[in-house]
Engineer: 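What follows is a single structure, and I will ask about it in a moment.
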Amino acid sequence: EEDISALDIQISVYAHGNAQDVIPEDELPFTRIRLVRDDEEDELIAINTQPAWVVDVPDARHTATMLSWLKKSGIETPTMSHLKRIRKQDGSLTVLLALTPEYPQVPALPDVPGLSEPYVVHVPSTVALTQVSLKHKNTLWPTVYAPRRKGEAEEWTRGKALWACKAMKRVVEEAQDAGRRGELPITAHVPIPYEKETRDAAQLPAPFLAHDTRMSTSHPLRHAVLNTIRAVADYRASSSTSLLSTPTPPPIPPPTDSSASIPLPGAAGTSRFVAEVQAPQNGAHYLLTSLTLFTTHEPCIMCSMALLHSRVKEVFYLTPMSRTGGCGSVACVPALKNVNHRYNLGRWRYLKGEPGAMADERSITIADDIDA
Amino acid sequence: MSEEDVPPSADATDGHLHWMREAMDMAEEALAAAEVPVGCVFVRDGRIIARARNRTNELRNATRHAELEAIDEILADATLTPAVTQYPLSETTLYVTVEPCIMCASALRQMGIKEVFYGCGNDRFGGCGSVLGVNSKLSHPIHAPYKAHGGYLREDAILVLRRFYITENTNAPIPKAKGNRVLKTDILPRSSSGDRD
């Protein structure tokens with residue numbers, strides 16, 4: 001006989017009522033794992049930075065032209081949203097172009113007189129959560145101030161909770177199926193985003209889902225998360241062959257980050273200009289930027305870091321892996337100091353008083369010494 | 001950074017540098033292909049069984065680091081991996097120009113790598129001690145730890161990365177001349193122990 005699936009019960013709970021209703025934190029189907037304390041970054045030295053391309057605009061009248069060019073250029077990415085575009089300092093004006101890790105090549109500039117060569121400065125990696133931190137971060141680059149409301153950040157609606165429950169249900173079903181076929185019952189899933197803006201930005205026309213294949217391929221690294229990342233990448237690569245310049249996601253920046261800026265200056269007069277701006281491209285659908293990944297088991301260290309390299313927005317997992325997990329158990333990779341991206345983490349939970357709550361998890365149990 | 005238990009003999013160091021030069025050739029190949037210049041070779045029984053470099057850009061996949069590319073090559077070759085085994089790299093040594101990142105350090109441990117030699121450390125992502133000690137400090141219920149030694153051709157490894165970051169954008173419609181850029185060549189010595197400079 002079949003146990004009752006707790007996920008089915010959750011789905012039926014969120015399916016009723018107004019999809020726009022905001023769900024209180026303690027009624028969400030997951031527990032958020034907190035990565036950093038807000039006051040942790042109050043010290044200047046604790047601020048995480050990353051390199052970014054900027055350009056000096058000597059004539060303030062050209063600012064609007066630069067900004068509208070930047071919008072069309074496609075080199076902006078959602079990961080820059082915590083930074084202001086313009087810095088005014090000592091009477092000079094500088095415009096932020098792109099994050100170097102996402103756009104390592106020197107950006108081509110529009111035909112605006114007097115621009116400097118693009119050069120690299122180090123900018124804060126995240127929004128300012130406190131006033132103290134804002135003051136510090138602004139000394140590096142003007143940063144957006146976004147204090148967290150009591151408790152936590154993003155609000156979830158009933159409709160989004162239902163979307164998440166269905167995604168997790170899909171993950172579990174696929175894992176059960178993989179288990180029946182002799183694989184480890186581990187699955188990862190990147191659904192089409194819930195919000196329309198994210199759907200448009202992410203340009204993901206279909207959900208991506210992959211299970212663990214290390215048994216059938218005799219390859220110890222064919223984990224569900226890596227397989228899913230590869231599926232998305234293969235799709236991206238096949239659907240964008242005509243790009244003029246390719247975004248390079250450098251996994252390893254030069255180990256020279258200690259200096260405030262990499263000296264790549266140029267005399268302003270030597271700039272050459274590119275007449276036609278490239279069509280909007282790549283930035284918006286860079287790797288897993290703005291996407292959510294659901295998985296049956298807490299990812300291992302390798303997969304946790306692969307998700308960080310891929311700039312995933314958030315990760316939800318059903319079963320913690322207390323001896324091998326890299327998202328809160330043995331280590332918490334997205335919470336490490338120095339790393340240049342953080343993703344949010346949620347551990348799945350069942351609603352209070354639900355019968356048969358463990359049925360789903362029992363069906364996909366693996367040994368606790370396995371790297372999921 | 002990891003520490004050496006015993007300083008190696010001059011002969012041993014020469015041997016490691018020999019393999020590291022081969023890894024550096026792969027980093028140069030990556031640079032020529034507009035990829036982040038990190039290269040590696042896997043050595044078993046005194047010969048290179050696989051050589052690889054970053055392909056993250058080409059494959060639109062931020063996880064396609066040199067180490068994972070080489071591992072796939074080794075496992076796909078029945079002469080190199082004749083039987084299914086849990087630790088296919090237990091008799092294999094890795095030479096890589098940059099400290100393996102956290103992802104690769106974990107992958108190498110899951111593959112049972114024998115030992116790792118690398119060029120420069122990696123302050124952002126280093127998985128052999130710089131950010132997280134995945135190779136040995138972190139506990140694992142079954143996978144044995146492995147030793148990782150840094151500082152082999154470290155300056156070359158740093159310089160090739162710097163060259164990457166000031167390369168002309170040859171993909172742009174009108175490549176810009178970057179003749180006025182200065183390649184910074186001074187390199188600060190490593191501050192941590194286990195230094196080989």
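Quick caveat, the model's predicted, so the values are computed rather than measured. A, B, ... follow the sequence lines: proteins, then strands. Residue 1 opens every chain.
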Engineer: List the steps, then state whether side chain to side chain contact (heavy atoms under 4.5 Å, CB included) holds for A:Arg222 with B:Asp72.
Structural biologist: CA-CA 10 Å; A:Arg222 291 280 182 262; B:Asp72 281 1; 3.5 Å; yes
Engineer: Taking everything shown except B:Asp14 itself, do over 12 heavy atoms lie less than 6.0 Å from its CG?
Structural biologist: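 Result for CG/B:Asp14: enclosed.
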Engineer: Please evaluate residues A:Asp369 and B:His143 with respect to the criterion side chain to side chain donor-acceptor pair (under 3.5 Å), reporting the C-alpha separation (whole Å), side-chain torsions for both, the decisive distance (0.1 Å), and the verdict.
Structural biologist: CA-CA 9 Å; A:Asp369 58 7; B:His143 306 320; over 6 Å; no
Engineer: Between B:Gln110 and A:Met302, which heavy-atom pair has the shortest distance, and what is it?
Structural biologist: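 Nearest pair, atom of B:Gln110 first, then A:Met302: NE2-CB, 3.9 Å.
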Engineer: Tell me, with the steps shown, if A:Arg230 and B:Asn61 meet side chain to side chain contact (heavy atoms under 4.5 Å, CB included).
Structural biologist: CA-CA 7 Å; A:Arg230 189 189 291 241; B:Asn61 185 339; 4.0 Å; yes
Engineer: Out of B:Ser106, B:Ser139, B:Ala105, B:Gly127, which one racks up the most heavy-atom pairs below 4.5 Å with chain A?
Structural biologist: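 Answer, by heavy-atom pair count under 4.5 Å with chain A: B:Ser106.
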Engineer: Below 4.0 angstrom, N of the basic side chain to O of the carboxylate: do A:Asp234 and B:Arg64 qualify?
Structural biologist: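 Salt bridge: no.
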Engineer: Begin with the C-alpha distance, continue with both residues' side-chain angles, and end with the deciding distance and a verdict on side chain to side chain contact (heavy atoms under 4.5 Å, CB included) for B:Leu75 and A:Leu221.
Structural biologist: CA-CA 10 Å; B:Leu75 289 183; A:Leu221 305 182; 5.9 Å; no
Engineer: Using every non-hydrogen atom in the two residues, find where A:Met305 and B:Met103 come nearest and quote the distance to one decimal.
Structural biologist: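 Residues A:Met305 and B:Met103, closest heavy atoms: CG-N, 3.3 Å.
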Engineer: Checking A:Ile301 against chain B: side chain, backbone, both or neither under 4.5 Å from a heavy atom?
Structural biologist: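 The answer is both parts of A:Ile301.
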Engineer: What's the spacing between B:Asn57 CG and A:Gln105 CD if we round to 0.5 Å?
Structural biologist: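 Rounded to the nearest 0.5 Å, the CG-CD separation comes to 6.5 Å.
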Engineer: Looking only at heavy atoms, which two atoms of B:Met111 and A:Pro220 are closest? And how far apart?
Structural biologist: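 Smallest interatomic distance, heavy atoms only, reads SD-CG, 3.6 Å.
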Engineer: Kindly write out the residues that satisfy ring pair (Phe, Tyr, Trp, His ring centres under 6.0 Å) with A:His219, not counting sequence neighbours, or none if the list is empty.
Structural biologist: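 With sequence neighbours excluded, A:His219 shows a ring pair (Phe, Tyr, Trp, His ring centres under 6.0 Å) to no residue whatsoever.
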Engineer: Contact part of B:Leu59 toward chain A, heavy-atom cut-off under 4.5 Å: side chain, backbone, both or neither?
Structural biologist: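 Contact with chain A involves the backbone of B:Leu59 alone.
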Engineer: Non-hydrogen atoms of chain A under 4.5 Å away: do they reach the side chain of B:Leu68, the backbone, both or neither?
Structural biologist: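 Just the side chain, heavy atoms under 4.5 Å.
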Engineer: Quick one: does A:Ser310's side chain get under 4.5 Å of B:Thr63's, heavy atoms only?
Structural biologist: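 With C-beta onward as the side chain, the pair touches.
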Engineer: Check each atom of A:Leu226 against the heavy atoms of chain B and say whether the ones under 4.5 Å are side chain, backbone, both or neither.
Structural biologist: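 Side chain only.
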Engineer: Need one label for A:Leu307: side chain, backbone, both or neither, based on atoms under 4.5 Å from any heavy atom in chain B.
Structural biologist: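 No part of A:Leu307 comes within 4.5 Å of chain B.
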Engineer: Apply the test side chain to side chain contact (heavy atoms under 4.5 Å, CB included) to residues A:His309 and B:Cys101: give CA-CA distance (whole Å), side-chain angles for both, the deciding distance (0.1 Å), then the verdict.
Structural biologist: CA-CA 10 Å; A:His309 284 316; B:Cys101 79; 3.4 Å; yes
Engineer: A:Phe208: what forms a ring pair (Phe, Tyr, Trp, His ring centres under 6.0 Å) with it, not counting sequence neighbours?
Structural biologist: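 A:Phe208: ring pair (Phe, Tyr, Trp, His ring centres under 6.0 Å) contacts with A:Tyr235.
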Engineer: Quick one: are B:Ile102 and A:Leu336 in side-chain contact, heavy atoms under 4.5 Å?
Structural biologist: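 In contact.
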Engineer: If you count heavy-atom pairs under 4.5 Å between each of A:Ala306, A:Gly326, A:Cys300 and chain B, which one has the most?
Structural biologist: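 Counting heavy-atom pairs under 4.5 Å, the top option is A:Ala306.
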Engineer: When rounded to the nearest 0.5 angstrom, what distance separates CZ in B:Phe125 from CG in A:Leu308?
Structural biologist: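 Rounded to the nearest 0.5 Å, the CZ-CG separation comes to 6.5 Å.
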Engineer: Where do B:Tyr165 and A:Trp53 come nearest, in terms of heavy atoms and distance?
Structural biologist: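 Closest heavy-atom pair between B:Tyr165 and A:Trp53: O-CH2, 4.3 Å.
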Engineer: Does the side chain of B:His140 pick up a donor-acceptor pair with the side chain of A:Asp371 at under 3.5 Å?
Structural biologist: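 Yes.
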